[in-house]
Amino acid sequence: MEVIGKKQNRRVYMPELPEVETIRTALESYIVGKNIERVTVGLPRLVKNVSVLTFQQKTQGCTILGIRRRGKYLTLLLSGSVHVMIHLRMTGRLLYMDRLPAMTDHIHIYFRLNKGFLVYHDVRTFGGFWLVPITGMTGIDGYDSLGPDGNSPKFTATYLYWLVQKRKSTIKAVLLDQKVVAGLGNIYVDEALFLAKIRPDEKANVLSLHACKVLHEAINQVLTQGISHGGTTIRDYVNGIGKEGSHQHFLQVYGKEGSPCPRCGHTIQYIKLGGRGTHFCPLCQRRKGR
DNA sequence: AAAGCACCCTGGATGC
DNA sequence: TGCATCCAGGGTGCTT
């Protein structure tokens, strides 16, 4: 009888770059051009850098001109003097709805538009909203210090090589650092390292230029595939209009502990690395960057 | 300067 | 069956 890893059913979802991009795309056609008539905040601590009153006063009456993504952040571009920046963290959802649902559990903020509602739903309430200036630095450290997006031309193999050389921590920890590359989270890091045949607990500074080229290509590939599949739906991630993604069906190692490696058949292993659940194949993900 | 870790939070899974 | 405990993780901030 096959041994199934204990963590097999312990799944959560995290919006990473592909999920946030999918939400952005889904929302765009529904909210751009709409007017914000009224903003309701049920949980004030989710508004991070201004008072709830200021948040409402600066956004009410504005038109939504666009919605932009950078790393895992979304920004509503408004017609007024500020933009609204949003991070979904672990369990945040941003949804367009024709009308408010009868069950409003976990709905902490919503924007009443001239038609429909933009609703923020968050079970663990780690997410946040910021008012930011239209141009220049936002003053939000986590945003202003973001590295290049993992799927942007600015993120190159040589940049990655230059960076890992001075890092003594594990390659997984480096890839999760948003200052290095923006948008990767636990799922896509495990998947990219599997594709590149690099162990997650490998020290970053031993990777060769060749290994960095392979890894860079793998990161691009998992992000591109994740976006094309509409994101990964694990338990309850949905995009901006409530649709599930399909990338969970394409995951090679994440959540697959105890199952055979799709490449070599060895059992996928689960370890803790830097406090994060980590999945890899101990046989075909080798140490040392070839 | 960088690395490591506690913390925030909730609901589902597990343990007794 | 029920109650208590554990666990997941992104990013911040503190300590080493």
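Quick note: numbers below take in every heavy atom, side chains included, and nothing from hydrogens, waters or symmetry partners. We name chains A, B, ... by the order of the sequence lines, and we start the count at 1 in each one.
Side-chain N/O atoms of A/R124 and base N/O atoms of C/dA8 include a donor-acceptor pair closer than 3.5 Å. Residue-to-nucleotide contacts include a donor-acceptor pair under 3.5 Å from the side chain of A/R276 to the base of C/dG10.
Under the 30°/60° scheme for interplanar angles, the aromatic rings of A/W130 and A/Y73 are found to be tilted. A/F117 and A/Y110 have perpendicular rings, their planes meeting at more than 60° on a 0 to 90° scale where under 30° would count as parallel. In this structure, A/Y159 and A/F155 have perpendicular ring planes: the angle between them is above 60°, well past the 30° mark.
Between A/H108 and A/Y120, the distance from one ring center to the other does not fall under 6.0 angstrom. If you look at A/F280 and A/Y270, their ring centroids are not closer than 6.0 Å.
For C/dG9, one of the phosphate oxygens OP1 or OP2 lies less than 4.0 angstrom from a side-chain nitrogen or oxygen of A/Y254. The shortest distance between the side-chain N/O atoms of A/Q178 and the OP1/OP2 oxygens of C/dG10 is not below 4.0 Å. Taking only side-chain nitrogens and oxygens, A/H106 never comes nearer than 4.0 Å to OP1 or OP2 of B/dT10. When the side-chain nitrogen and oxygen atoms of A/K179 are compared with OP1 and OP2 of C/dG11, none of them lie within a distance under 4.0 Å.
One interatomic measurement links the two molecules: CG of A/D177 to C1' of C/dG13, which rounds to 14 Å at whole-angstrom precision. One interatomic measurement links the two molecules: CE of A/M90 to C1' of C/dT12, which rounds to 15 Å at whole-angstrom precision. Rounding to whole angstrom units, CG of residue A/N49 and P of C/dG11 are separated by 17 Å. Here B/dT10 presents its C1' atom at 11 Å from CZ of A/R45, a figure rounded to the nearest Å. Rounded to an integer number of Å, the gap from A/L43 CG to B/dC8 P is 15 Å. When rounded to the nearest whole Å, the span between OH of A/Y120 and P of B/dC9 equals 14 Å. Atom CZ of A/R89 is separated from atom P of B/dC9 by 12 Å (rounded to the nearest Å). Counting to the nearest Å, the C1' atom of B/dA3 and the CG atom of A/L176 are 14 Å from each other.
The listed nucleotides are C/dT12, C/dG9, B/dC9; the one nearest the side chain of A/N186 is C/dG9. The A/E16 side chain lies nearest to C/dG10 when the options are B/dT10, C/dG10, C/dG9.
Looking at A/T125 and A/R89, their side chains never bring a donor and an acceptor atom within 3.5 Å of each other.
Contacts between residues 140-148 of chain A and DNA chain C, defined by a heavy-atom separation below 4.0 Å, involve A/G142, listed by number. The stretch residues 164-175 of chain A touches DNA chain B through A/R167, A/K168, A/S169, each having a heavy atom under 4.0 angstrom from the strand.
Ionic pairing of A/R24 and A/E28 is present here: one or more N-O contacts between side-chain nitrogen and carboxylate oxygen are shorter than 4.0 angstrom.
Both A/L163 and A/L223 belong to a common hydrophobic cluster when Ile, Leu, Val, Met, Phe, Trp and Tyr are linked at side-chain heavy-atom distances under 4.5 angstrom.
When every heavy atom of A/V222 is checked against every heavy atom of A/Y188, the shortest pair comes out as O-CE2, 3.5 Å.
Formation of a donor-acceptor pair under 3.5 Å by the A/Q285 side chain with backbone atoms of A/L193 is found in this model.
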